[in-house]
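Note sheet for the following structure.
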Amino acid sequence: QKEVEQDPGPLSVPEGAIVSLNCTYSNSAFQYFMWYRQYSRKGPELLMYTYSSGNKEDGRFTAQVDKSSKYISLFIRDSQPSDSATYLCAMTGNYGGATNKLIFGTGTLLAVQP
Amino acid sequence: GAGVSQSPSNKVTEKGKDVELRCDPISGHTALYWYRQSLGQGLEFLIYFQGNSAPDKSGLPSDRFSAERTGESVSTLTIQRTQQEDSAVYLCASSLAGTGREQYFGPGTRLTVT
């Protein structure tokens, strides 16, 4: 079983819809939770990160973390065709001086139809 | 400001040849990471550099892979005697020290081994 599980999709929604993207994880040491957006043939772009449990909002994007359920979500409001991309969740722990390597989900391919 | 840059953007090589991939991190970022992204495997950590500390090489898949970094600047990832399974996108990321949760990625090098 992978440390981080993410539904690969594809997920197709009409423009203006609310999109919900999710990941589950098994390692209780994870404390930082990131969402990246990756367009085809480009590098991942950091959208936002959250520490521990709670919500964080940035424009049309809201990230939620439920550590008790080991479940994280990214919501996109008023989705636009330009949001069409692969969305990757990533996580790391608070390892002090040790490597903060990211553990990634496999990504969800999102298509927003005009 | 300038982001993470990588070169070459694409590399096609014959099986058995050596290749060298380059990463130029964001100025002031002391932490540098290499990841590999391949179909079906997602993004996998390879190696981590932090300042003058010994690198964390725990993600390197075999002794054919090595990486160097001079100070807090450019890094090179070398793959010797390339194999077809080495075909992937090699991504470099950098972050401020102690903030591995905010890793910024370059565009990647797409390696194809024929």
Side-chain angles (χ1 to χ4, degrees), chain A residues 1-10 21 23-25 27 29-52 54 56 58 63 65 72 85-109, chain B residues 3-7 9-10 21 23-26 29-60 67 88-112:
Chain A
Q1 184 186 5
K2 293 185 177 181
E3 282 189 281
V4 180
E5 299 280 356
Q6 184 174 11
D7 187 336
L21 303 165
C23 290
T24 59
Y25 64 95
N27 189 342
F30 290 146
Q31 294 193 38
Y32 296 97
F33 304 89
M34 280 66 69
W35 285 96
Y36 284 84
R37 177 174 63 194
Q38 187 173 27
Y39 292 113
S40 180
R41 294 189 170 259
K42 302 289 187 183
E45 171 194 7
L46 180 63
L47 287 175
M48 54 200 309
Y49 79 88
T50 310
Y51 172 68
S52 194
K56 187 172 185 178
D58 185 359
V65 175
I72 71 169
T86 296
Y87 289 79
L88 299 154
C89 63
M91 327 188 166
T92 190
N94 189 4
Y95 304 130
T99 306
N100 295 121
K101 65 181 179 183
L102 297 179
I103 307 299
F104 282 86
T106 50
T108 299
L109 179 61
Chain B
V4 177
S5 61
Q6 292 186 247
S7 62
S9 55
N10 285 283
L21 313 179
C23 171
D24 208 333
I26 293 171
H29 281 191
T30 58
L32 186 148
Y33 304 76
W34 283 97
Y35 293 84
R36 178 170 70 174
Q37 187 173 31
S38 51
L39 285 173
Q41 296 295 322
L43 267 147
E44 301 172 293
F45 166 78
L46 296 176
I47 188 169
Y48 162 71
F49 295 92
Q50 170 57 54
N52 294 317
S53 301
D56 178 352
K57 305 179 182 180
S58 61
L60 295 178
V89 177
Y90 290 83
L91 290 157
C92 174
S94 70
S95 72
L96 292 170
T99 60
R101 58 193 177 275
E102 290 186 85
Q103 295 182 26
Y104 295 90
F105 283 80
T109 294
R110 183 173 297 273
L111 175 66
T112 303

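This is a predicted model, so every value here is computed, not measured.
For A:Tyr36, the ring pair (Phe, Tyr, Trp, His ring centres under 6.0 Å) criterion is met by A:Phe104, B:Phe105, not counting sequence neighbours.
The structure places OH of B:Tyr35 at 3.5 Å from CG of A:Leu102, a figure rounded to the nearest 0.5 Å.
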Walk me through whether A:Leu88 and B:Leu43 qualify under side-chain contact (heavy atoms from CB on, under 4.5 Å). CA-CA 9 Å; A:Leu88 299 154; B:Leu43 267 147; 3.8 Å; yes
*Verdict with reasoning, B:Tyr48 to A:Lys101, per side-chain contact (heavy atoms from CB on, under 4.5 Å)*: CA-CA 8 Å; B:Tyr48 162 71; A:Lys101 65 181 179 183; over 6 Å; no
Please table the atom pairs, donor to acceptor, closer than 3.5 Å between any side-chain atom in residues 37-48 of chain A and protein atoms at least two apart or in another chain.
{"residue": "A:Arg37", "atom": "NE", "partner": "A:Tyr39", "partner atom": "OH", "Å": "3.4"}
{"residue": "A:Arg37", "atom": "NE", "partner": "A:Glu45", "partner atom": "OE1", "Å": "3.2"}
{"residue": "A:Arg37", "atom": "NH2", "partner": "A:Glu45", "partner atom": "OE1", "Å": "3.1"}
{"residue": "A:Arg37", "atom": "NH2", "partner": "A:Glu45", "partner atom": "OE2", "Å": "3.2"}
{"residue": "A:Gln38", "atom": "OE1", "partner": "B:Gln37", "partner atom": "NE2", "Å": "2.9"}
{"residue": "A:Gln38", "atom": "NE2", "partner": "A:Lys42", "partner atom": "O", "Å": "2.8"}
{"residue": "A:Gln38", "atom": "NE2", "partner": "B:Gln37", "partner atom": "OE1", "Å": "3.0"}
{"residue": "A:Tyr39", "atom": "OH", "partner": "A:Ser82", "partner atom": "O", "Å": "2.7"}

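Using a 4.5 Å cut-off between heavy atoms, B:Leu91 touches chain A through its side chain atoms alone.
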